[in-house]
Amino acid sequence: MRVSQLFTKTSKTAPADEVAKNAQLLIRAGFIHKEMAGVYAYLPLGLRVLENIKKIVREEMNAIGGQEVAMTTLQPRDIWEKTDRWDDKKVDNWFKTRLANGTELGVGLTHEEPIVDAVSGYLNSYKDMPFYVYQIQNKFRNELRAKSGLLRGREFLMKDMYSFSPNQEVHEAAYEKVVEAYHRVYARLGLGEITYRTYADGGIFTPRFSDEFQTLSEVGEDTIYVDESRKIAINEEILTDENLAKLGLNKDDLVQKKGVEVGNTFHLESKYTDALDVYYTDENGQQQSIIMGCYGIGVSRLMGVVAEHFSDENGLVWPESIAPAKVYLVRIGSEDATRHADELYEELTAKGIEVIYDDRNERPGAKFADAELMGIPYRVTVSDRLIEAGEYEYTVRTTGETQNLTRDDLLAKLN
RNA sequence: CGGGGUGUGGCGCAGUUGAUAGCGCGCUCGGUUUGGGACCGAGAGGUCGAAGGUUUGAGUCCUUUCACCCCGACCA
């Protein structure tokens with residue numbers, strides 16, 4: 001991608017209507033556009049990041065056997081009434097709309113009911129389970145207060161997965177497989193060390209605890225207590241002596257922290273399947289309840305968390321796994337430098353290396369500043385002076401470390 | 001939803017006791033520059049969030065309303 005052809009531009013000033021660091025940086029760098037409070041559009045570079053996160057999530061869900069689907073945003077009222085989740089008194093953050101004939105519809109905020117409805121016709125026997133179904137799509141929630149940039153929006157991208165098991169034992173195994181996959185997702189995003197499996201309230205449908213995945217951050221909304229040696233935590237909401245005993249946690253080992261909930265996993269028992277009259281037939285020909293689990297990852301929220309966490313005074317610092325490009329190629333100088341830079345751009349692109357090529361007639365300082373603001377992992381500079389020496393300058397975004405390399409050494413570094 | 005704050009060119013801001021809008025960045029054109037966000041010159045661009053009112057006259061005062069931010073409450 002050539003910067004001269006990129007329609008977005010960077011800005012030296014942060015927008016006045018954003019305080020959250022993630023939103024300020026992402027908007028300054030031209031990654032996102034704020035449409036209204038809690039609703040952001042993804043521009044070319046931001047979309048690349050989002051797609052890269054989706055790819056990681058998708059790979060890990062597929063790896064445990066997840067089957068991807070795409071459910072609808074428009075929701076019929078009846079299935080939600082069967083589970084008693086239509087009433088605004090029960091679920092108060094629904095967006096609702098109407099058909100021309102007056103029929104009330106919901107705008108999807110989660111998908112337990114429609115998923116159960118969709119799989120019900122295929123799910124008849126114990127032989128059909130266990131299985132996972134997931135999707136990555138926009139969710140809509142009428143939050144009373146959107147805030148913190150991408151961390152709490154009204155329209156946001158979420159991966160939601162649902163498991164179907166014939167009994168509790170199978171469910172437990174399926175559930176733990178998801179927990180492991182979640183740890184791999186966060187590790188690949190560079191958040192593994194600061195993301196804790198956290199015991200939390202299981203919700204109104206189950207006496208069990210749920211698990212949240214909390215990434216430590218000062219801007220987090222949740223207060224959690226971390227047992228650092230065991231790498232687990234407990235949400236303040238359920239911090240009672242009784243629960244600590246139940247979970248085998250020792251109060252003295254816990255440290256209070258702030259966290260952002262970047263994922264959660266719930267035990268749903270048979271609440272939804274029973275309510276929607278979906279059962280299976282067991283080995284003995286008897287009708288049995290289906291045990292469900294549901295598992296969420298806030299994909300757009302993760303983008304905000306990464307932006308927030310991996311950044312410095314010069315801008316964003318993307319982990320290589322999700323950066324919009326691997327290399328920011330800076331061209332300084334005249335025809336000779338242009339020829340060399342064009343050539344390098346073509347060569348790297350041909351090798352499948354994503355390059356943002358700054359071919360503008362800007363001064364070097366402006367290009368370096370943009371490379372840093374955009375947070376591209378590696379910067380390569382081509383200039384008349386370097387060409388004369390037969391070298392390329394190579395700079396690492398995380399450390400600022402710079403070295404001059406021969407063409408072969410540079411290509412080896414970038415491979 | 002309670003409390004507090006803010007709306008003025010694309011972005012960031014100033015605008016005094018009311019007199020029909022200004023600065024920086026960015027943008028356009030010309031020239032000089034080219035290793036850390038260049039400089040000089042010339043330009044373009046705004047019904048001051050919206051509606052109503054007071055007044056000879058409103059960005060400024062009053063009323064209503066919309067939007068956005070922060071704190072809190074809320075967050076299947």
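Here is how names work: the chains are called A, B, and so on, in the same order as the sequence lines, proteins then strands, and each is numbered from 1.
Ring orientation note: the planes of A:F31 and A:W318 are close to parallel, at an angle under 30° on the 30°/60° scale. Relative orientation of the A:W94 and A:W86 rings is tilted, given thresholds of 30° and 60° on the angle between their planes. In this structure, A:Y357 and A:Y345 have tilted ring planes: the angle between them lies in the 30° to 60° band.
Anti is the classification of B:rU56, since its glycosidic angle lies more than 90° from 0.
With B:rC1, B:rG37, B:rG35 as the choices, the nucleotide that has an atom nearest any side-chain atom of A:L144 turns out to be B:rC1. Comparing B:rG35, B:rC69, B:rU33 by their nearest atom to the side chain of A:R363 picks out B:rU33. In the set B:rC69, B:rG35, B:rC71, B:rC71 carries the atom at the smallest distance from any side-chain atom of A:K147. Comparing atom distances between the A:S11 side chain and each of B:rC11, B:rA76, B:rC70 picks out B:rC11 as nearest. Distances were taken from every side-chain heavy atom of A:A366 (C-beta onward) to each of B:rG35, B:rU33, B:rG37; the shortest belongs to B:rG37.
Between the C1' atom of B:rU34 and the CG atom of A:L386 lies a distance of 14 Å, rounded to the nearest Å. For the pair A:R360 CZ and B:rU34 P, the interatomic distance rounds to 19 Å; values are reported in whole Å. Counting to the nearest Å, the C1' atom of B:rG35 and the CG atom of A:L329 are 15 Å from each other. A:E81 places its CD atom 16 Å from the C1' atom of B:rA76, with the value rounded to the nearest Å. A straight line from CE of A:M374 to P of B:rG36 spans 20 Å, rounded to a whole angstrom. We find that CD1 of A:I332 is positioned 18 Å from P of B:rU33, with the value rounded to whole Å. If you measure from atom CZ of A:R85 to atom P of B:rA76, you get 10 Å, rounded to the nearest angstrom. As a whole-Å value, the separation of A:K90 NZ from B:rA76 P is 15 Å.
Remark: A:R141 is not positioned above the aromatic ring of A:F156, lacking an NZ or CZ atom under 6.0 angstrom from the ring centre and at most 45 degrees off the axis.
Note on A:E372: a base of the nucleic acid sits closer than 4.0 angstrom, heavy atoms only. Heavy atoms of A:L109 sit nowhere under 4.0 angstrom from any nucleic acid atom. Using a 4.0 Å heavy-atom criterion, one finds that A:R28 contacts the bases of the nucleic acid, with or without backbone contacts as well. Using a 4.0 Å heavy-atom distance criterion, A:A369 is classed as a base contact. Heavy atoms of A:R379 sit under 4.0 angstrom from at least one base atom. Looking at heavy-atom distances under 4.0 Å, A:N361 makes no contact with the nucleic acid at all. Among the protein residues, A:E112 comes within range of no part of the nucleic acid, since none of its heavy atoms lies under 4.0 Å from any strand. Residue contacts shown for A:T10 include a base, since a base heavy atom lies under 4.0 Å away. Using a 4.0 Å heavy-atom distance criterion, A:V91 is classed as making no nucleic acid contact.
Smallest separation of non-hydrogen atoms from A:V382 and A:A341: CG1-N, 4.0 Å.
Between A:E362 and A:K367 there is no salt bridge, since none of the side-chain N atoms of the basic residue sits less than 4.0 Å from a carboxylate O of the acidic one. Using a 4.0 Å cut-off between charged nitrogen and carboxylate oxygen, A:K271 and A:E112 do not count as a salt-bridge pair.
Close to B:rC74, at under 4.0 Å from its OP1 or OP2, lies no side-chain N or O of A:R141. Listed pair A:K34 / B:rC69 meets the phosphate criterion, a side-chain N or O lying under 4.0 Å from OP1 or OP2. Phosphate contact (OP1/OP2 of B:rC68, side-chain N/O of A:R145, threshold under 4.0 Å): absent.
With both pairing distances under 3.5 Å, B:rG72 is matched to B:rC1 as a Watson-Crick or G-U wobble pair.
For A:E362 and B:rG37, a side-chain-to-base donor-acceptor distance below 3.5 Å is absent, hydrogens and geometry of angles not being considered. Checked by distance alone, A:D17 brings no side-chain donor or acceptor within 3.5 Å of a matching partner on the base of B:rG7.
Comparing B:rC11 with B:rC68, their P atoms are spaced 15 Å from each other, to the whole Å.
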